**Q** 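Got a structure here, written out as structure tokens. Questions coming.
Within every chain, numbering begins at 1; the chains are lettered A, B, ... in the order of the sequence lines, protein sequences first and strands thereafter. Because the structure is a prediction, the values reported are computed rather than measured.
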There are 2 protein chains.
Amino acid sequence: MSDEAFQREFAAAKERSVSHALLKAGRLVDELGVARARARLGAPLRRAHTRLFPYVDLEGTRLSELARRVGISKQAVGVLVDELVEMGALERRPDPEDGRARRVHFATGPRSVLDGLSVLAGIEADLERALGAPGMRQLQRQLTRALATLEALAEHSQSDGHS
Amino acid sequence: MSDEAFQREFAAAKERSVSHALLKAGRLVDELGVARARARLGAPLRRAHTRLFPYVDLEGTRLSELARRVGISKQAVGVLVDELVEMGALERRPDPEDGRARRVHFATGPRSVLDGLSVLAGIEADLERALGAPGMRQLQRQLTRALATLEALAEHSQSDGHS
DNA sequence: TAAAATAGTCAAGCATGATTTACTAAATGA
DNA sequence: TCATTTAGTAAATCATGCTTGACTATTTTA
């Protein structure tokens, strides 16, 4: 294969690459979401914080469990939760079933998750405007399936290094 | 709205959220890609490194230009490029048109981008197996459109803070 | 041709995100 | 009941990823 042919092929592959698109889209949503949430809440929200949200159950989640899910130490999670409580996004309530434990909840106050949700919803709306409802549905469906696949792969590669 | 109703609605919204799916998928591809590449190359590749790749042109790219594209200082990029050169993934060649400048290229040696590409291609293949060719096409098309939208939004929010 | 701009390097410093070690308090269980 | 495990906190420490400021070597331009 000639050098030029290789280069054209490579460039084309990069264009078409779904992995690459996923990488970039993920980062953009992340940055955009944090920027908007920060502006709206007036709080020093960082990516490290938003990373926790998907793992907080609505019934509340213990710190250790949260740490296990996110994959970092409970001490590290503890600091982040402290900051989120300070910002008014989360709350700590005693665990009724275990006197040692406390559960991390979404806060219900005025600058609670609702504001955070409205930020995500805003990005969502922007996207839907651009893609149209059918496009949005397609994206949603395939993404869900892709996510399941990726999660399975990630699970796998924790034990055996890689495929 | 009752507390329980709110909670159900919230959980459902989280499930359906495309933004959330994009966030998670992006992170998973990122981690998976870095893990596989690291295992294959036997090099201490980090996310900061892989972030550069999409911005390196095949004709070679100047450091300053690369920094501008990535959005960080040229000094920071310089360190990362040094490390990638050390790993054998990139090369520096003098710029024929400017004696001050050098261009960053993908290396052509044995542990070059080709290996890196094969990693991305591997993830790609895993995804395609799971989604099927039509699903993959749908995902690719909608992602490309979503990406354009997100990039426009990101561009915008740099100037005016947020929407 | 002298002055200003540009490409890149070097080094110091800083915030972030995490780990490790050490501890307290409550629960479990032999 | 006493020993062990578990939930959480506290503090020191570390690598990472980045910025800022200062400098050299070229190129551009006035």
**Q** Among all residues two or more places apart in sequence or in another chain, which pass the side-chain contact (heavy atoms from CB on, under 4.5 Å) test with B/A146?
**A**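 Once residues adjacent in sequence are excluded, the partners of B/A146 under the side-chain contact (heavy atoms from CB on, under 4.5 Å) criterion are A/L127, A/L131, A/L139.
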**Q** For D/dT6, take OP1 and OP2 only and decide whether either is under 4.0 Å from a side-chain N or O of A/R102.
**A**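 The answer is no; no side-chain N or O of A/R102 sits under 4.0 Å from OP1 or OP2.
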**Q** Considering only heavy atoms from C-beta outward, does the side chain of B/L28 approach that of A/L22 to under 4.5 Å?
**A**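 Not in contact.
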**Q** List in chain and number order the residues that pass side chain to side chain donor-acceptor pair (under 3.5 Å) with B/Q138, two or more places apart in sequence or in another chain; answer none if no residue qualifies.
**A**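 With sequence neighbours excluded, B/Q138 shows a side chain to side chain donor-acceptor pair (under 3.5 Å) to A/Q142, given in chain and number order.
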**Q** Return the set of residues passing salt bridge (Lys or Arg N to Asp or Glu O under 4.0 Å) with A/R47 (not counting sequence neighbours), or none when no residue passes.
**A**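 A/D30, A/E31.
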**Q** Are there any protein N/O atoms within less than 3.5 Å of an N/O atom in nucleotides 2-4 of chain D, and if so, which ones and at what distance?
**A**
none

**Q** Distance check, rounded to the nearest 0.5 Å: B/L147 atom CG versus A/K24 atom NZ?
**A**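 Going from the CG atom of B/L147 to the NZ atom of A/K24 covers 6.0 Å.
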**Q** May I have the distance from A/R62 (atom CZ) to D/dT5 (atom C1'), rounded to whole angstrom?
**A**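 These atoms are roughly 13 Å apart.
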**Q** Distance-only criterion, 3.5 Å: show the donor-acceptor pairs between side-chain atoms of residues 69-80 of chain A and protein atoms not counting sequence neighbours.
**A**
residue, atom, partner, partner atom, Å
A/R69, NE, A/E65, OE2, 2.8
A/R69, NH1, A/Y55, O, 2.8
A/R69, NH1, A/D57, OD1, 3.3
A/R69, NH1, A/D57, OD2, 3.1
A/R69, NH2, A/D57, OD2, 3.0
A/R69, NH2, A/E65, OE2, 3.4
A/S73, OG, A/A76, N, 3.3

**Q** Looking at side-chain heavy atoms only, is the closest gap between B/I123 and A/V18 below 4.5 Å?
**A**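 In short, these two side chains do not touch, never coming nearer than 4.5 Å.
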**Q** NA contact type, B/A76, heavy-atom cut-off 4.0 Å: base, sugar-phosphate, or nothing?
**A**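 Base, at least one base atom sits under 4.0 Å.
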**Q** Would you indicate what A/R92 reaches in the nucleic acid, counting non-hydrogen atoms under 4.0 angstrom: base, sugar-phosphate, or nothing?
**A**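 Sugar-phosphate, no base atom in range.
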**Q** Sequence neighbours left out, what passes side-chain contact (heavy atoms from CB on, under 4.5 Å) with B/E128? Give chain and number order.
**A**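 With sequence neighbours excluded, B/E128 shows a side-chain contact (heavy atoms from CB on, under 4.5 Å) to B/A133, B/M136, given in chain and number order.
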**Q** Considering only heavy atoms from C-beta outward, does the side chain of B/E83 approach that of B/H49 to under 4.5 Å?
**A**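 Of all side-chain heavy-atom pairs linking B/H49 with B/E83, at least one is under 4.5 Å.
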**Q** Please identify each residue that fulfils side-chain contact (heavy atoms from CB on, under 4.5 Å) with A/D95, with sequence neighbours left out.
**A**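 A/D95 satisfies side-chain contact (heavy atoms from CB on, under 4.5 Å) with A/R62, A/E97, A/D98, A/A101, A/R103 only.
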**Q** According to salt bridge (charged side-chain N to carboxylate O under 4.0 Å, His left out), does anything in residues 135-148 of chain A pair up with another residue at least two apart or in another chain? List the pairs.
**A**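 For residues 135-148 of chain A: none.
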**Q** Extract from the structure each pairing of a protein N or O with an N or O of nucleotides 27-30 of chain D at less than 3.5 Å, listing the distance.
**A**
residue, atom, partner, partner atom, Å
D/dT27, OP1, B/G99, N, 2.5
D/dT27, O4', B/R100, NE, 3.4

**Q** What does B/S73 touch in the nucleic acid at a heavy-atom separation under 4.0 angstrom: a base, only the sugar-phosphate, or nothing?
**A**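 B/S73: base contact, heavy atoms under 4.0 Å.
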**Q** On DNA chain C, compare the nucleotides closest to A/G71 and B/L63; which residue's is nearer the 5' end?
**A**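 It is B/L63 whose nearest nucleotide is closer to the 5' end.
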**Q** Round to the nearest Å and state the distance from A/Q75 atom CD to D/dA12 atom C1'.
**A**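 The answer, rounded to whole Å, is 12 Å.
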**Q** Ignoring hydrogens and geometry, is there a side-chain-to-backbone donor-acceptor pair from A/E91 to A/V104 under 3.5 Å?
**A**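 Looks like no, no N/O pair under 3.5 Å.
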**Q** Tell me the interatomic distance from B/K74, atom NZ, to D/dA25, atom C1', rounded to whole angstroms.
**A**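 That distance rounds to 12 Å.
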**Q** Can you name the atoms? Protein N/O to nucleotides 13-17 of chain D N/O, anything below 3.5 Å, with the distance.
**A**
residue, atom, partner, partner atom, Å
D/dG17, OP2, B/R46, NE, 2.3
D/dG17, OP2, B/R46, NH2, 2.5

**Q** Please list, in 5' to 3' order, the outermost nucleotides of DNA chain C lying under 4.0 Å from any heavy atom of chain A.
**A**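 Nucleotide range with atoms under 4.0 Å of chain A: C/dT16 to C/dA27.
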**Q** For residues A/L66 and A/T61, report the shortest heavy-atom separation together with the two atoms involved.
**A**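 Closest approach of A/L66 to A/T61: N-CG2, 3.9 Å.
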